[in-house]
Amino acid sequence: MRQYYERELKVNKYVTILIPCYNGEKYLPDLLKSIEKQTYRYLQVILIDDGSTDNSKNVFFNWVSSINDKKIKPEYHYINHSNQSAAINEGLKYVKGFYLTWVDADDVLEKDAIYEKVLFLTKEDYQIVYNNAIYYSEDLKEPNNLVFNYKINEDYLFDYVFKGYIPCLAGIFMMKVDVLKKCYPTMKVPESDAGQNLQLLLPPLSYFKCGYIDKSLLKYRKHQESHSNRKRTFLESKKRIEDFYNLLIELIPYCECSDDYRNLAKEYFKRENERLLKETANIGRKEYENRNCNIL
């Protein structure tokens with residue numbers, strides 16, 4: 001079956017998979033198994049250990065020792081704990097692939113995830129592509145009713161990502177490495193506590209066409225420990241909004257867009273702060289009502 005896929009593609013260009021990992025011991029084995037099962041085999045797998053204090057390193061090296069396919073090229077790199085974008089920057093130093101994708105350590109790729117995207121970028125006149133994703137429970141047994149499964153008109157995709165209207169999930173995008181080099185000649189993205197997805201996506205989306213595969217090729221694990229889903233205090237949530245706003249402002253010079261996008265960033269900042277205030281007000285009211293019920 002794998003030979004069939006490779007014959008159909010008629011390419012053996014490497015795909016670099018970047019995996020920023022901080023204390024991913026619990027979930028990392030599922031991701032690594034899914035990578036080993038990929039029907040496209042020319043893979044450079046770079047795990048960037050963001051200062052983990054658990055057994056993530058041993059999990060990765062145990063997986064490396066079990067691999068029998070020499071086409072898969074695993075690498076491990078360690079940095080002192082910082083954030084996901086710093087980990088991505090460390091990984092970008094070692095990219096040797098023709099294509100680039102990145103995935104969170106707690107998610108899982110469907111077996112044709114890499115193949116489908118490589119096939120698309122080989123046959124179609126696009127430089128970037130994304131696919132659907134399904135949200136799963138923590139044990140990956142139950143799909144959630146929240147699904148990322150819609151196509152955005154390519155003329156509006158940059159705007160939708162910039163305005164925060166769609167989730168930019170790691171693992172659903174793939175691009176040609178030259179695309180990122182055009183946007184970042186030094187192959188270094190701006191670092192931010194807000195993450196790494198906007199840095200990797202916004203400048204390329206402003207310059208290049210992005211295609212769409214109407215297939216679910218990623219299992220996105222929903223759990224409280226993940227960076228995007230963990231519970232935050234009001235002040236932590238407010239800082240996160242500020243971090244995203246500051247990152248948008250910092251990314252505008254890297255994008256092919258007008259300076260008017262500074263106003264769009266301000267609109268995002270205002271909208272998200274209003275949403276946060278409304279949510280906390282509702283939570284406070286509910287707690288107050290429950291407290292009164294208990295008293296009565």
Side-chain angles (χ1 to χ4, degrees), residues 1-21 24-25 27-49 56-78 87-124 126-131 133 140 169-181 187 196 200 204 211 213 215-220:
M1 182 60 73
R2 289 171 183 161
Q3 290 178 351
Y4 163 76
Y5 285 118
E6 290 164 11
R7 283 201 304 270
E8 183 180 349
L9 274 171
K10 296 181 180 178
V11 297
N12 56 1
K13 294 177 179 176
Y14 265 84
V15 176
T16 298
I17 304 174
L18 295 182
I19 309 170
C21 176
E25 174 186 2
Y27 305 112
L28 188 58
D30 290 329
L31 172 61
L32 297 176
K33 288 176 185 175
S34 75
I35 291 174
E36 190 172 359
K37 292 178 180 178
Q38 289 302 298
T39 49
Y40 189 83
R41 309 299 289 171
Y42 294 92
L43 305 173
Q44 180 194 19
V45 183
I46 302 177
L47 183 105
I48 312 100
D49 188 341
S56 294
K57 178 179 180 179
N58 289 336
V59 168
F60 184 73
F61 278 104
N62 287 338
W63 175 73
V64 170
S65 65
S66 71
I67 297 173
N68 296 318
D69 193 335
K70 293 183 179 180
K71 293 174 185 174
I72 300 178
K73 309 291 186 182
E75 297 182 26
Y76 172 91
H77 301 280
Y78 179 90
I88 286 291
N89 272 336
E90 179 66 18
L92 288 175
K93 297 177 184 178
Y94 308 102
V95 170
K96 297 183 180 70
F98 185 83
Y99 303 101
L100 173 68
T101 189
W102 61 100
V103 62
D104 289 336
D106 52 359
D107 295 330
V108 170
L109 298 173
E110 299 289 2
K111 65 184 180 65
D112 289 333
I114 302 298
Y115 165 77
E116 290 283 357
K117 289 196 275 283
V118 172
L119 180 64
F120 184 95
L121 292 175
T122 300
K123 292 188 173 183
E124 305 292 338
Y126 288 91
Q127 311 302 310
I128 314 167
V129 65
Y130 71 102
N131 54 256
L140 296 177
L169 305 181
I172 69 172
F173 287 89
M174 180 185 286
M175 66 182 69
K176 295 178 181 177
V177 171
D178 285 348
V179 164
L180 199 64
K181 287 182 178 178
M187 288 292 277
Q196 81 284 357
L200 289 168
I213 299 172
K215 295 181 181 180
S216 294
L217 301 174
L218 177 77
K219 292 180 179 179
Y220 179 80

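Between Asp49 and Lys57 there is no salt bridge, since no side-chain nitrogen of the basic residue lies less than 4.0 Å from a carboxylate oxygen of the acidic one.
Separation of atoms CH2 (Trp102) and CD1 (Ile48) is listed at 12.5 Å; rounding is to 0.5 Å. Residue Ile72 holds its CD1 atom at 9.0 Å from CD of Gln38, rounded to the nearest 0.5 Å. Rounding to the nearest 0.5 angstrom, the gap separating the CG atom in Asn131 from the CG atom in Leu109 is 9.0 Å. The CG atom of Leu217 sits 11.5 Å away from atom OG of Ser34, with the distance rounded to the nearest 0.5 Å. Note: Leu31 CG to Asp107 CG = 7.5 Å, rounded to the nearest 0.5 Å. Note: Leu100 CG to Lys176 NZ = 13.5 Å, rounded to the nearest 0.5 Å.
Under the 4.5 Å side-chain criterion, counting only non-hydrogen atoms from C-beta, Leu92 is in contact with Val95. The side-chain heavy atoms of Met174 and Ile114, taken from C-beta on, include a pair separated by under 4.5 Å. Looking only at side-chain heavy atoms (C-beta outward), Pro74 and Leu47 stay at 4.5 Å or farther from each other. When side chains are defined from C-beta on, Met187 counts as touching Lys181, because their heavy atoms get closer than 4.5 Å. Contact check for Leu119 versus Asp112: no side-chain heavy atoms found under the 4.5 Å cut-off. For the pair Val64 and Val45, the minimum side-chain heavy-atom distance is 4.5 Å or more. The shortest side-chain heavy-atom distance between Val118 and Lys13 does not fall under the 4.5 Å cut-off.
Under the side-chain hydrogen bond (donor to acceptor under 3.5 Å, both in side chains) criterion, Glu116 pairs with Lys215, sequence neighbours left out. Looking at residues two or more places apart in sequence or on another chain, you find a side-chain contact (heavy atoms from CB on, under 4.5 Å) between Ala105 and Ile19, Cys21, Leu28. Scanning for ring-ring contact (aromatic ring centres under 6.0 Å, His included) contacts around Tyr76 gives Phe61, with sequence neighbours left out. Lys93 pairs by the side-chain hydrogen bond (donor to acceptor under 3.5 Å, both in side chains) definition with Glu90, not counting sequence neighbours. With sequence neighbours left out, Phe98 forms a ring-ring contact (aromatic ring centres under 6.0 Å, His included) with no residue at all. In this structure, Glu110 has no salt bridge (charged side-chain N to carboxylate O under 4.0 Å, His left out) partners at least two apart in sequence or on a different chain. Partners of Glu75 under the salt bridge (charged side-chain N to carboxylate O under 4.0 Å, His left out) rule, at least two apart in sequence or in another chain, are Lys96. By the side-chain hydrogen bond (donor to acceptor under 3.5 Å, both in side chains) test, Glu25 is found to be paired with no residue, residues two or more places apart in sequence or in another chain being considered. For Ser66, the side-chain contact (heavy atoms from CB on, under 4.5 Å) test picks out Glu36, Trp63, with sequence neighbours left out. Residues meeting the side-chain hydrogen bond (donor to acceptor under 3.5 Å, both in side chains) test with Thr101, sequence neighbours left out: none. Taking the ring-ring contact (aromatic ring centres under 6.0 Å, His included) definition, one finds that Tyr130 meets it with Phe173, Tyr212, sequence neighbours left out. For Lys33, there are no salt bridge (charged side-chain N to carboxylate O under 4.0 Å, His left out) partners, not counting sequence neighbours.
Under the 30°/60° scheme for interplanar angles, the aromatic rings of Tyr14 and Tyr42 are found to stand perpendicular.
Thr16 and Gly97 make their closest contact through OG1-N, 2.9 Å (heavy atoms, listed as atom of the first residue, atom of the second, distance). Here the shortest heavy-atom pairing between Ala170 and Leu218 reads O-CD2, 3.4 Å. Closest approach of Pro204 and Val179 over heavy atoms only: CB-CG1, 3.5 Å. Considering all non-hydrogen atoms of both residues, Gly24 and Ser56 come closest at N-OG, 2.9 Å.
Using modelled atom types, one side-chain atom of Asp69 and one backbone atom of Lys71 make a donor-acceptor pair closer than 3.5 Å.
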